[in-house]
Structure formats: structure tokens, C-alpha cells
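Report on the structure given below.
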Amino acid sequence: MTMTHTLTPPADLATDIEDVARLLTPDGERVADPELDRWVADVDAATLRGLYRDMVLLRRIDTEGVALQRQGQLGLWPPCQGQEATQIGTVRAMRADDFAFPSYRETGVVYARGGKPADFVLAWRGEEHSTYNPYDINTATQQIIIGAQALHAVGYAMGVQRDGTDQVSVAYFGDGASSQGDVNEAMVFASSFRAPVVFVCTNNQWAISEPVTVQAKFPIAGRAPGFGIPSMRVDGNDVLACFAAMRWALDNARRGNGPAFIEAVTYRMGPHTTSDDPTRYRDKEEVEKWRRRDPIARVEALLRSRGEFDGAFVASVEADADALAASVREAAMTARTRDPLTVLDNVYAEPHSGLAEQRERFGAYLDGFAPAAEGV
Amino acid sequence: MTQLTMAKAINEGLRRAMADDDKVLVMGEDIGKLGGVFRITDGLLDQFGAQRVIDTPLAEAGIMGTAVGLAFRGYRPVVEIQFDGFVYPAFDQIVCQVAKLHYRTRGNVKMPITIRIPWAGGVGAAEHHSESPEAYFVHTSGLRVIAVSNPQDAYVMLRQAIASDDPVVYFEPKRLYHAKGEVDLDVQLADAPPMGLARVAREGSDVTLLTYGSQVLTALDAATAAEDDGVSIEVIDLRSISPVDYRTVTASVRKTGRVVVTHEAAREAGVGAELIASVTERCFNYLEAAPQRVTGHDIPYPPAKLEKHHLPDLDRILDAVDRVMDRPNSLSGVLD
Ligand SMILES: Cc1ncc(C[n+]2csc(CCOP(=O)(O)OP(=O)(O)O)c2C)c(N)n1
């Protein structure tokens, strides 16, 4: 079965954001979709509330990250406001023993896979390249080199195949990344070897200052079928559609049918990173248009219309968000920078005579400052 | 003469090169409306239009490979790689194609491509944003490799690089982007010293300190500090690290008899190793001490909070100066 939602070039090229599969309208009304419905037949109020809670908590981590950067506690922060439904909807469909390969902006993936407060801030503070052990949360270190992780996900999936399990690996990347050779090569390998991998392309309309039309004249989801990979283009601000599409894709992979591709059409509300100035390249009206499609408000409207958004629930989500934000802040504020000699740690897994000599020399050099340091 | 930051000097260099020769194109990620992440291409899109200021898809191999095709067609692309650590996806195109096409075609095809790379660390950046990959390019025959250290050189050498029929990898130390200096924008290229002549940045008589790009200011600071200690350091800013102007280098070494090299890049098989081997070949009989290297450690670039322990600073340079001067130093009695 090919779940290809669209293959024809739309009138408005890749910017035709309405040409998507959707289960929730921007007003939070539940609509039917012949392909997606069956994947959410079991989704009850509790599940929906869980998705809502996750999105609110993710937004709070993100807000805190931006604030900490502005206060000089972090070197940089890549905001993900607006992309909560894409991240939470897809990642919550995964099993704990599946493996995710996220990019720098997928804070929600790290959060949902079990990231701790320090995991959100210490790398951006410049204390560590990676805080968590990828094997603890089955999630690779967040990738900065655009597109590299797509190949890693395929290779991981090839390993899964050889081990004969039904796990799936997931590659997250942006619309900009879809231009990279690595991503295209990943699709070739995935298709050739029928690897159990899901590609989640977050089309947030921009790659720093470049609109998606610089990367793609057709919808990005339309590329995958050319590689022999079924694909879907979903509303990335609709958490239910993201959840459903991901369940379809994961199931497809688990049953041995090979890769699938999801293009989640969403929007980056903030700057690319805290160093970026989006006013140079995009206009306010566009941002405001997307603000009216807010993914969190959408679920809230649905829950409200069903009478499932009571005060106690709201209060508990708020309390959780406050507590999480406080712990993220504390992780940043209490960070202690490691000792100088630790720059030489972990370069190799086994002793290396060259580095051992450098350590000895650098240690002797540092010792020369020791008395002075004690006097401080 | 005008006071300009290095960033602005490079921007002016691009502007004038484009105005003078309509075959000059600039291309890269975010270089149009945004003016590049460092704003180096600011204003060029408005002045020259999208046919000459090309915002590319996010694909370094694609950018470099299409630059090769444009050069085949007679254009002179100036490619911006957004950050040092992102040049690797383009590496194959650079070392297999850009560097070799002139040779492979027995000189029939020219590759006048300038590859601008915001480079090296010291700015507290995220992973992959502070790398010093110069040795890979120096090791590749067919490429010229430039590393600038002040606004005037940045301006002149960029224009020379663009005018050169050879491919030039042009490193811009990002921690010096905002350093100001006098720039003569109307300098006639024909009158300027040829691209890559080394510069004696400070004269001295006891030790020759060889460096380039991002480390030049640190080296000059070290020379000032050493003076208080009674050691006179001659600082040579190589400006070109392929080819190296060995005339200037050996003249200095024959005078001082002592050599220290400093660069941010890792030590093993780095530019410093090449410099010391070449200086030793040429000046063995003049040397009064074993040449010393002060470099980054042989490690992946560390997280920002630890980078100060990786980058050679003034004290580490002075420690090496003590070694070549046979004064007490950190290694006294540590290693033979
Ligand atoms: C190989 C490489 N080239 C360039 C960059 C610089 N860069 C970082 S993010 C980015 C834009 C990425 O856009 P997209 O893939 O759409 O993801 P988004 O940031 O929108 O989530 C660029 C050009 C990089 N990190 N890696």
C-alpha cells in the first residue's frame, strides 16, 4: 500500500501548506481522513491530554532555553516553538526500544525519550558536547551537521534487520536538510535494503533565511516515492495527524516493508537560533498567519469542545511545566565547568601513546599555575 | 585609508571585485537577504541581483560542484562555506575536482574559485563551528591556502584570490571579524605585494615566532610580554600557508637561530610540522635549539567552556619561547 498523499506539483509549489493530511482543523475540530483515521481509532481523552501535556512542557523548556540564553547562561539556543505537534506527535508513536536520530532543534524528541533537565541546557551552555548516554534513552546525540543523521538511522536500521528484531529507527531532519547528499543517499540505502527506518522531515518553511522553495519546487514528500519509499505529507501543527502518520510509518517498517517518509508541514515561530535575526528575511504577517495555527491551542480547543479540559487538568499541567522549567534553569545555573585536563578525555576508547604524552606535558604546564591558583 | 573591521573589509573586497568583473559570482547558504550569518555579503544582493548573488540549497557538495561547472563556463565563483566545520561535505569536490582539474586538463581548464571559510575558534560557538581544517587543504596540491589576520590583508588578498586563476581556500578568522584596522580600498592590485608574501609583523632578534590567521594577535601579545622578560621575538605572519614564503621565514631564522610555531589546529601532521621540517632542512646549521610547536591538542574541538584550555594562549607560547631559550619551563625535568 502506498500512502502517498500527494505526488503532483501543487499550484503554489512547495509552499502550498494546505495540501496536507489532517485530523484536527486549526479550530480544533476533528475531521476524518480515510488514511489516517484507523491509526488513531484507539486514541482516547487520556492520550490526547498526554499529548497536550507534552507539548506544553516542551514549549516551557523552549521558553526557558531562550530566556537562559538571553541572560547569558547559554551560548546558543535553537527554538522549536510552533513545532511541538510535529515533535511530540511523531516521537510519542515510537516504542522505547526504537532508536531516534534527532537534529539540534528536536528538543521535544529528547524530552519525550527521557531527557533530563541538564540534557536540554548543558550542551548549549558549552559544557559538554553530549550530556546523555544515547543508549540510555535510545536517542542519538543531537546532530548539528545537516543531514548526517539520516544515514546513521539507515545504518542502525540495517543492524536491526540483521538482528532480526522489530525495532525501527527514526531520522529527524529539516526541509533544508533534504537538499543534502547524505539525506538522498540515506533514501537510496533505505530503499535498496528495505531498512526499517522512518524519515521525519520537519518542513518548517525555512532553512535559516532560505525559504523551502530554495530547496524544493515540489512537496518534499513527493521525492520519497521516486526512491521507492511511500510517503505522506501531514499537517505538522496537528498532533493527532503526526501521531497517526508515524504509527502508520512505524508499523510499515515493523512488518518488514521497509522505509517510509513523513513530511510534517509546520512553521518555526522564532528565530533559527538566538543569534539569528529573522526580520531580515521574513515578514510579520507570515508569522502571524501561523500563530493562528498554533498546535497547542488546537488540541486545547478539541479537549474543551469535548468537556475534557477542566481546571484541575490545566492546573496540573501548569504545575508540571513550572517544575520542569525550574529544574532546567537550575541545571544551567549550577553547572560546573570541568577541569582543564578533561579536554583530553575520551578522544580514544583505548590508551593512545601520543595523547598520553600530551596529557603529561599539558599537566606539567598546568602545574606551573597551581600555587597561583591556590592563592586566589 | 579608512578604518574598517575585517568583516567590512571583506564585504568591500567582494563588492569591488564584483563591480570590476561581471564574471565574479558569490554563492552559498543564506548569503542573499540575510547577508550571510556573519553579514559578510550584506548588501550584495541589492546591488548585484540574484543572478550574481546566489542563495543556494543547503548542500555543500552541491555548492562546490556547481561552482566547478560555473568555472568551466568561465565564471569566477566565490563560495561561502557557512562555518569551518561544514566544509567537509564539500571536501570531495574540493580535493578531487577543484584542486585537480587544471592539472588533469593540462592547463586547459581553469578553476578560479575562491572558497571563503569563516574559521577557527575562540568565539564560544557550538560544536562543529570552531574547526581548523587548514592542513587538509595544504596537503592537497593544486590549492592555494590563505589565512588572513587583519583588515588590510583581508581586503587585498581576497581581491587577489578572486583575480587568481587558481583555486584559493581563503580562511577568515571569525574571532577577528570585528577587529578594526586601516584599509586602503583603492590599492592597485598590480602594485600590491603578490598574494601570500609573508609579513614581519614585529621585528626581533632572539626567537622567530611563525604563525598565521587567528593566532597572529596572540603571537604579537606574547612578543610584547616577552620583551619585559628580556627576550626579543620576531613575529612572522605567514599570510599564505600554501605556498609558504620561505625567503622571509629563513631570513628571520638565520638571524635569530630559534623557532617557535603556533597555530590553533591540532599538532599531529599540522602546518607547524611542515614548517619546522622545512625550516630545519633550510636552516639546520643556524639553529641553536630544537624548534617548538604550540598548537591545539590532538583532540576534537572541545565544548566552548573548555576551549581556552585548547587554544594556545600567550602563556603557552612564552613557555615554548623559554624552551628554545633554554630557560626554565614547564617541561624542565618532565620529559627528555
Ligand atoms: C553541513 C552543514 N551546513 C550548514 C550548516 C549551518 N546550518 C545550521 S542549521 C541550517 C539550516 C537548516 O535548515 P533545516 O534543515 O530546514 O532545519 P531547521 O533549522 O529549519 O530545523 C544551516 C544552514 C550546518 N549545520 N551543517
Side-chain angles (χ1 to χ4, degrees), chain A residues 75-76 104 122-130 144-148 174-182 207-210 214-216 272-273 275-278 280-282 335 337-347 352 354-355 357-369, chain B residues 29-39 42 54-63 65 82-83 85-86 88-90 92-93 123-129 266-268 295-310 315-316 319-320 328-335:
Chain A
L76 193 75
Y104 47 86
L122 290 196
W124 297 115
R125 196 180 148 84
E127 302 288 1
E128 317 251 0
H129 286 323
S130 167
I144 288 181
I145 299 299
I146 302 297
D175 47 298
S178 71
S179 295
Q180 289 282 6
D182 279 5
I208 308 188
S209 74
E210 297 182 0
V214 172
Q215 323 292 340
H272 166 70
T273 65
S275 312
D276 176 41
D277 174 11
R280 281 184 162 243
Y281 55 83
R282 66 184 193 188
T337 300
R338 289 175 291 154
D339 291 336
L341 266 182
T342 60
V343 295
L344 299 160
D345 289 349
N346 295 315
V347 181
H352 183 281
L355 211 57
E357 187 191 300
Q358 278 189 23
R359 177 183 294 273
E360 195 175 350
R361 286 170 173 248
F362 190 44
Y365 169 79
L366 292 170
D367 285 347
F369 294 94
Chain B
E29 296 159 8
D30 301 295
I31 64 160
K33 270 194 184 169
L34 188 65
V37 291
F38 292 104
R39 311 287 184 263
D42 213 4
I54 309 172
D55 253 332
T56 64
L58 209 179
E60 288 77 10
I63 297 168
Q82 199 159 73
F83 272 91
F86 311 149
Y88 305 114
D92 167 62
Q93 287 289 340
V123 295
E127 220 181 340
H128 307 292
H129 289 70
R267 173 185 168 101
E268 190 164 4
T295 68
H297 305 295
D298 289 335
I299 60 173
Y301 199 85
K305 292 278 184 188
L306 294 172
E307 70 181 340
K308 64 173 181 290
H309 304 304
H310 175 66
D315 286 325
R316 274 167 70 193
D319 189 57
N329 63 78
S330 71
L331 296 186
S332 304
V334 172
L335 294 171

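Bear in mind the structure is a predicted one, so any value in this text is a computation, not a measurement. Naming convention: chains lettered A, B, ... in sequence-line order (proteins, then strands); numbering from 1 in each chain.
Heavy-atom distances place both the backbone and the side chain of R316(B) under 4.5 Å from chain A. Using a 4.5 Å cut-off between heavy atoms, E307(B) makes no contact with chain A at all. Interface remark: D319(B) contributes side-chain atoms only to the contact with chain A (heavy atom separation under 4.5 Å). Residue R359(A): no heavy atom, backbone or side chain, is found under 4.5 Å from chain B. Only the backbone of A177(A) comes within less than 4.5 Å of a heavy atom of chain B; no side-chain atom from C-beta onward does. Using a 4.5 Å cut-off between heavy atoms, D315(B) contacts chain A through both its backbone and its side chain.
Your options are A364(A), P340(A), G176(A), and the one with the most heavy-atom pairs under 4.5 Å with chain B is P340(A). Ranked by non-hydrogen atom pairs under 4.5 Å with chain A, the options K308(B), E60(B), E268(B) are led by E60(B). Of the listed residues (P303(B), S330(B), P89(B)), the greatest number of heavy-atom pairs within a distance under 4.5 Å of chain A belongs to P303(B). Of the residues considered (L355(A), L76(A), D339(A), T342(A)), L355(A) shows the highest number of contacts with chain B, using heavy-atom pairs under 4.5 Å. Of the listed residues H297(B), E29(B), H129(B), the one with more heavy-atom pairs under 4.5 angstrom with chain A than any other is H297(B).
Between the side chain of H310(B) and the backbone N or O of L344(A), no donor-acceptor pair lies under 3.5 Å. Here the side chain of Q215(A) pairs a donor or acceptor atom with the backbone of L58(B) at under 3.5 angstrom.
The OG atom of S209(A) lies 5.0 Å from the CG atom of D55(B); values are rounded to the nearest 0.5 Å. Taking CD1 of I299(B) as the start and CZ of F362(A) as the end, the distance is 8.5 Å to the nearest 0.5 Å.
In terms of heavy-atom proximity, V343(A) sits nearest to P302(B) at CG1-CB, 4.1 Å. For the pair D30(B) and E210(A), the tightest heavy-atom approach, listed with the atom from each and the gap, is N-OE2, 2.7 Å. Pairing each heavy atom of A126(B) with each of I144(A), the nearest pair is CB-CD1, 4.2 Å.
Within the 4.5 Å cutoff, no side-chain heavy atoms of V347(A) are placed close to those of D298(B). Counting heavy atoms from C-beta outward, E128(A) and K305(B) have side chains that stay 4.5 Å or more apart. Using a 4.5 Å heavy-atom threshold, the side chains of D276(A) and L34(B) count as touching. Contact check for L331(B) versus E360(A): no side-chain heavy atoms found under the 4.5 Å cut-off. Within the 4.5 Å cutoff, the side chain of R267(B) has heavy atoms near those of the Q358(A) side chain. The side-chain heavy atoms of I146(A) and F86(B), taken from C-beta on, include no pair separated by under 4.5 Å. Between T337(A) and L306(B), the closest side-chain pair of non-hydrogen atoms falls below 4.5 Å.
A salt bridge links D42(B) to R280(A): at least one charged side-chain nitrogen sits closer than 4.0 Å to a carboxylate oxygen.
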